Amino acid sequence: MQYNFNEIEKKWQAYWNENNSYKVENDFSKPKCYVLDMFPYPSGAGLHVGHPLGYIASDIYARYKRLKGFNVLHPMGFDAFGLPAEQYAIETGQHPATTTKVNIERYKEQLGKIGFCYDWSREVKTSDPNYYKWTQWIFLQLYNSWYNPKTNKAEKIETIFDAGCPMSDVRNTEPDTPISNIEHRLMEYRLAYKKESYVNWCEALGTVLANDEVVNGVSERGGHPVERKLMSQWFLRITAFAERLLMSLDNLDFPESLKEMQRNWIGKSVGAEIKFDVRCQMSDVNNTDKTDNQHPSSGINVFTTRPDTIFGVSFMVLAPEHELVNLITTADQKQAIEEYQKFTSSRSERERLAETKTISGCFTGAYAIHPFTGKEIPIWISEYVLASYGTGAIMAVPCGDERDYAFAKHFNIEIPCIFKDIDNSEKACSDKNVIISNSDFISDLTVKEASKLAIEKIEEQKIGSRKVNYRMRDAGFSRQRYWGEPFPIVYDENGTAIALTDKELPLELPFLETYSAGPNGKGPLANATDWVNISQSIRETDTMPGYAGSSWYYLRYMDPHNSETFCDKMISDYWNQVDVYVGGAEHAVGHLLYSRMWCKTLHDLGFISYDEPYKKLINQGMIGGSSRFVYRIKNTNQFVSNGLKNNYDVAEIHVDVNIVDGYELDLEAFKKIKNNEYSNAEFILENGKYICGEAFEKMSKSKYNVVNPDDIILQYGADTFRMYEMFLGPLEMSKPWDTKGIEGVHRFLKKFWRLFCDEAIGCIVTSEVATTEELKTLHKHIKKIQQDIENFAFNTSVSQFMIITNELSSMHCHKKEILEQVLITLVPFAPHVAEELWSVIGNQTSILDATFPLLNDSLLVENSFKYPIAIQGKARTEIEFALDLSQEDIEHAVLKNEIVQKWMEGKPMKKFIFKKGMMINVVV
RNA sequence: GCGCCUGUGGUGAAAUUGGUAGACACGUCAGACUUAGGAUCUGAUGCCGUGAGGUAUGGGGGUUCGAGUCCCUCCAGGCGCACCA
């Protein structure tokens with residue numbers, strides 16, 4: 001009986017399928033555990049060996065919990081809507097519905113081969129109308145809610161009319177207010193709202209993108225240029241939740257780096273908002289047609305984190321787009337200002353980012369009045385002040401801020417010094433450990449004291465107040481694309497948005513053969529006129545972004561077929577929060593923040609009982625590719641081996657890692673690639689071999705470094721594959737894939753197999769009674785595996801399996817009493833071989849329903865310990881003592897020891913350091 | 001620039017609370033069994049040294065009887081944010 005993994009794996013995968021072995025019931029009587037993977041979007045490329053890393057880890061944990069008696073929810077589904085799916089369909093000239101279906105099939109086939117314990121009866125697909133019906137429904141909950149700052153909760157929009165709420169006046173004083181006016185005002189409060197504003201428009205993708213989908217001024221997807229465009233768009237009011245999203249991070253078991261990313265993204269800063277009056281120039285400003293809040297004399301609001309530096313202000317800067325710029329600019333500066341505005345608006349986001357060091361700006365001709373000194377402060381505009389942050393205006397303190405300093409130097413503006421004993425002639429001082437000086441009533445105070453006092457004074461004079469500012473912006477929720485959830489919104493003849501009723505859901509995405517952009521920057525749905533135009537109203541033609549469906553999918557798995565509600569409350573109370581969520585760090589500020597916000601909203605509205613979706617989050621590392629290169633001597637057909645390449649002028653060419661054994665190129669295979677492109681290649685070898693160069697890069701087709709798990713599984717089996725991926729190193733660590741080490745894990749599984757089976761004889765497991773020593777070995781193993789799994793330290797648990805296998809082999813232990821227990825501990829890691837051997841030793845039932853062995857700590861108690869003896873901190877020898885021996889007896893014995901005496905060199909002992917079961921140190 | 005993380009053999013990496021650094025593997029070397037082996041088994045393997053021994057966790061300093069682990073500082077790499085007032 002040989003370890004025939006291919007046969008075994010096929011057999012048991014079929015068995016598990018037929019017997020619905022992974023079906024999970026909502027059995028409220030059992031303790032639950034919810035183990036979730038971030039579901040993939042089904043790309044056309046299929047899985048490479050990097051993808052399953054996290055899935056294997058969560059599978060191990062889920063199986064372990066099941067063996068421990070938990071009812072484990074471990075589902076899988078597909079994030080099938082969205083830009084990537086649509087882009088792939090366009091690239092391959094197919095319909096996204098088709099490609100999505102095909103790709104999902106392919107994914108499921110590949111996942112199936114690895115032997116995951118998913119309950120496929122709970123599969124969700126975000127593009128399925130039965131699913132997105134509820135995505136639309138939740139959108140409507142967001143639409144019909146507002147954030148009540150008093151209760152600090154999302155509430156039904158109706159409560160906004162209650163006494164004391166922002167729109168209480170509507171009902172009480174203006175009963176006849178036209179509905180469209182009320183609607184218009186409500187849009188300023190709804191958690192999902194439509195608003196005209198500057199958005200990230202990507203021409204190449206033909207859509208608006210959310211801030212987290214724009215990286216370094218280009219689209220995350222495809223790297224296309226992104227420009228700022230004024231458009232009417234749907235947004236999610238995630239900023240309302242900023243403080244809660246920030247505060248509750250502290251209690252979540254997320255990686256520190258990820259929490260830090262979210263904190264940075266939310267970007268809380270505490271300071272003050274201060275109003276500076278503007279000196280009114282009657283000759284330049286026509287006062288009569290200005291409304292109050294635009295009137296320049298109402299002043300300029302600035303946000304600062306350093307109110308203590310208020311006496312250091314020597315100029316002000318507005319963002320070029322600031323709405324007051326045109327009002328305050330004097331006649332003689334008008335032309336210069338307009339030119340500067342034109343210059344800045346012509347520059348793309350990317351250009352602006354690329355030249356952050358260049359100083360540019362323009363004087364408006366206007367002056368603000370310092371609230372305390374009454375001094376006139378020139379008002380400038382400059383790119384370095386962003387319209388989208390704070391108030392879009394700053395009070396510039398050149399002595400305390402590097403950018404203000406550089407700006408002042410460049411334009412020759414005064415740099416007043418307000419820090420005691422600090423020289424500002426060369427640079428600004430942003431250090432907060434300083435004493436303020438030259439600052440009237442806050443002189444001689446620390447930064448902290450001065451800030452406090454300055455704010456008090458500012459509030460007293462009613463020119464500003466303490467203020468918390470967040471960097472995070474509301475999330476763009478409109479996409480001018482086809483492949484997404486349609487908005488359940490129509491517009492009446494006045495253009496007022498009207499929500500569909502629950503009964504009208506799902507609003508199905510119409511099937512469009514072609515799905516090119518619609519007219520006037522609208523999405524493809526605008527072309528489907530029959531669908532858009534309904535009696536007296538028109539439908540919204542934008543669709544929702546990819547993150548809509550993924551923001552709540554963890555809830556649908558709990559109750560996937562419910563047609564009455566998105567998830568029954570009893571059921572979501574039972575499964576509750578996701579106990580362990582495993583996925584990549586790339587979703588840190590997108591998906592994870594959005595789903596946290598949706599969860600809080602659903603909680604506030606009473607639909608679920610918890611306001612954080614994920615209790616614990618694990619970011620698995622990325623498995624990178626290890627690329628291989630050949631070196632072609634330029635303009636020849638000759639390829640030179642890596643060690644000799646410096647002697648020639650060569651071009652580096654990626655070569656498929658699958659035709660390289662370690663570093664040695666398979667010459668014959670090389671000649672055959674790319675339709676025999678290199679069939680007459682000549683090689684300059686070293687030691688008779690062609691050695692390739694290497695580099696670690698992202699795994700991708702274009703770099704020929706993709707390793708397909710199917711190939712590995714064919715050669716070594718899924719169990720080896722699973723254990724090897726875990727053996728590579730700590731789960732969270734990124735590492736390159738290297739097929740070489742897999743032999744070690746494969747050898748281990750074969751050796752493990754031989755504990756049970758002999759090639760000639762068959763099963764060799766005996767019913768002999770285990771010795772104490774064997775039991776000790778077993779329970780040491782159980783303890784280690786249990787600990788490691790609970791700590792997600794799967795690399796060391798694989799080591800432990802190797803250790804116990806080596807130990808049992810050398811003990812020639814083939815006893816069922818021991819092996820059966822070890823076998824159960826192997827189930828999470830190598831379920832196929834475990835199931836096979838379970839039946840080999842005579843079990844009729846599946847090992848999946850076995851019970852994880854109970855640890856018996858009493859077997860592990862040692863009664864003696866080999867004490868390492870150190871003299872002056874250096875270990876010199878070992879002496880074994882009983883653990884219950886007194887320190888005096890041990891001290892006495894140690895000092896009598898020859899080796900100890902030798903190293904003490906006759907010097908008297910100063911100190912004898914002794915702790916039970918640890919190293920003994922003799923100090924002389 | 002700011003924030004977070006990581007630096008240990010030829011390689012991937014171990015090392016609960018500070019307590020024998022390098023577990024477990026890969027690779028390499030030597031050997032056994034074999035017609036053969038990319039099967040299996042045994043042994044060796046951080047570095048220097050024949051040896052006793054010395055020395056070693058990115059560099060330097062510190063705390064301690066004792067530091068990979070704690071503190072300070074510098075260096076290198078990775079990730080994230082980036083004109084954020």
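Below, read A as the first sequence line, B as the second, and so on, with proteins coming before strands; counting in each chain starts at 1. Treat the numbers as computed from the prediction; the structure is a model and nothing was measured.
- For the pair A/S382 and B/C83, the criterion of a side-chain N or O lying under 4.0 Å from OP1 or OP2 is not met.
- For A/N806, taking side-chain heavy atoms from C-beta onward, the closest of the listed nucleotides B/U16, B/A25, B/A13 is B/A25.
- In this structure, CD1 on A/I618 lies 11.0 Å from CZ on A/F254, to the nearest 0.5 angstrom.
- Going from the C1' atom of B/A13 to that of B/G27 covers 14 Å, rounded to whole Å.
- Here the side chain of A/H370 pairs a donor or acceptor atom with the backbone of A/I310 at under 3.5 angstrom.
- In this structure, A/K780 and A/L860 have side chains that are in contact, with non-hydrogen atoms separated by less than 4.5 Å.
- Judged by Watson-Crick or G-U wobble contacts below 3.5 Å, the nucleotide B/U40 has B/A32 as its partner.
- If you check B/U16 for Watson-Crick or wobble pairing at under 3.5 angstrom, you find it has no partner at all.
- In this structure, B/U69 makes no Watson-Crick or G-U wobble pair, since no nucleotide meets both defining distances under 3.5 angstrom.
- The separation between A/M802 atom CE and B/C26 atom C1' is 10 Å, rounded to whole Å.
- In this structure, A/D738 reaches neither bases nor backbone, as no heavy-atom distance under 4.0 Å exists between it and the strands shown.
- Computed from coordinates, the A/L53 CG to B/G12 P distance equals 17 Å when rounded to whole Å.
- Pairing of B/U6, defined by two Watson-Crick or G-U wobble distances under 3.5 Å, is identified with B/A76.
- With a cut-off of 3.5 Å on both pairing distances, B/A82 has no Watson-Crick or G-U wobble partner at all.
- Between A/F721 and A/V745, every side-chain heavy-atom pair lies at or beyond the 4.5 Å cut-off.
- Between A/E725 atom CD and B/G12 atom C1' the separation is 14 Å, expressed in whole Å.
- Using a 4.0 Å heavy-atom cutoff across all strands shown, A/T391 reaches no nucleic acid atom at all.
- Side-chain proximity of A/V923 to the nucleotides B/C4, B/C65, B/A14 is greatest for B/C65.
- Going from the C1' atom of B/U40 to that of B/C5 covers 44 Å, rounded to whole Å.
- Base pairing of B/U55 is made with B/G46, judged by Watson-Crick or G-U wobble geometry with both donor-acceptor distances under 3.5 Å.
- Figure legend. B/A25 is base-paired to B/U11; pairs are counted as Watson-Crick or G-U wobble with both atom distances under 3.5 Å.
- The side chain of A/M919 lies closest to B/U20 when the candidates are B/A13, B/C65, B/U20.
- An OP1 or OP2 oxygen of B/C5 is reached within less than 4.0 angstrom by no side-chain nitrogen or oxygen of A/N619.
- For A/D250 and A/R263, the salt-bridge test passes: some basic side-chain N is under 4.0 Å from an acidic carboxylate O.
- The nucleotide whose nearest atom lies closest to any side-chain atom of A/S269 is, among B/A85, B/G27, B/A15, B/A85.
- B/G9 and B/C47: their P atoms are spaced 12 Å apart (whole Å).
- A distance of about 15 Å separates the P atoms of B/G43 and B/A23, rounded to the whole Å.
- Atom CD1 in A/I879 sits roughly 14 Å away from atom C1' in B/U20 (whole-Å rounding).
- Separation of the C1' atoms belonging to B/G1 and B/U8 is 31 Å when rounded to the nearest angstrom.
- If you measure from atom CZ of A/R263 to atom P of B/C5, you get 11 Å, rounded to the nearest angstrom.
- Using a 4.0 Å heavy-atom criterion, one finds that A/F727 contacts the bases of the nucleic acid, with or without backbone contacts as well.
- By the 4.5 Å heavy-atom criterion applied to side chains, A/Y470 and A/E243 are counted as neighbours.
- Between A/R754 and A/D758 there is no salt bridge, since no side-chain N of the basic residue sits under 4.0 Å from a carboxylate O of the acidic one.
- Residue-level contact check: A/M733 touches the backbone only, with heavy atoms under 4.0 Å from sugar-phosphate atoms and none from bases.
- Looking at which nucleotide of RNA chain B each of A/S810 and A/K874 is closest to, the 5′-most match is held by A/S810.
- Rounded to the nearest 0.5 Å, atoms CG (A/L749) and CZ (A/R722) are 11.0 Å apart.
- A distance of about 37 Å separates the P atoms of B/C4 and B/U55, rounded to the whole Å.
- Remark: P of B/A85 and CD1 of A/I394 are 11 Å apart, rounded to the nearest angstrom.
- The side chain of A/R876 places no N or O atom within less than 4.0 Å of a non-bridging phosphate oxygen (OP1 or OP2) of B/G53.
- For the atom pair A/E807 CD and A/M802 CE, the distance stands at 14.0 Å (nearest 0.5 Å).
- A/I913 comes within contact range of at least one nucleobase, with a heavy-atom separation under 4.0 Å.
- Judged by atom type and distance alone, A/N264 does not reach the base of B/C81 through any side-chain donor-acceptor pair under 3.5 Å.
- Residue-level contact check: A/P736 touches neither bases nor backbone, having no heavy atom under 4.0 Å from any strand.
- Residue A/M918 has its side chain nearest to B/G19 when only B/C41, B/A14, B/G19 are considered.
- The residue A/N795 sits close only to the backbone: its heavy atoms come under 4.0 Å of sugar-phosphate atoms, none of a base.
- Nearest nucleotide to the side chain of A/K915, out of B/G19, B/A85, B/U20: B/G19.
- Place A/A875 and A/W903 on RNA chain B by their nearest nucleotides, and A/A875 ends up nearer the 5' end.
- Using a 4.0 Å cut-off between a side-chain N of Lys or Arg and a carboxylate O of Asp or Glu, A/D738 and A/K740 do not qualify as a salt bridge.
- Residue contacts shown for A/K259 are absent, as no nucleic acid heavy atom lies under 4.0 Å away.
- Note on A/N921: a base of the nucleic acid sits closer than 4.0 angstrom, heavy atoms only.
- Applying the 4.0 Å criterion to OP1 and OP2 of B/C65, one finds that A/K911 has a side-chain N or O inside that range.
- Between the CD atom of A/E743 and the C1' atom of B/C26 there is a distance of 10 Å, rounded to whole Å.
- Within the structure, a side-chain polar atom (N or O) of A/K750 is placed less than 4.0 Å from OP1 or OP2 of B/U40.
- Base orientation for B/G80: anti, the chi torsion being more than 90° from 0.
- Atom P of nucleotide B/U40 and atom CG of A/L749 are separated by 12 Å, given to the nearest angstrom.
- Side-chain atoms of A/T304 lie closest to B/A85 of the nucleotides B/A13, B/A85, B/U20.
- Here, B/G80 and B/U28 have their P atoms 36 Å apart, quoted to the whole Å.
- Residue A/E402 is out of contact with every strand shown, counting any heavy-atom pair closer than 4.0 Å.
- For the C1' atoms, the distance from B/U69 to B/G62 is 15 Å, rounded to whole Å.
- Using a 4.0 Å heavy-atom criterion, one finds that A/Q787 contacts the bases of the nucleic acid, with or without backbone contacts as well.
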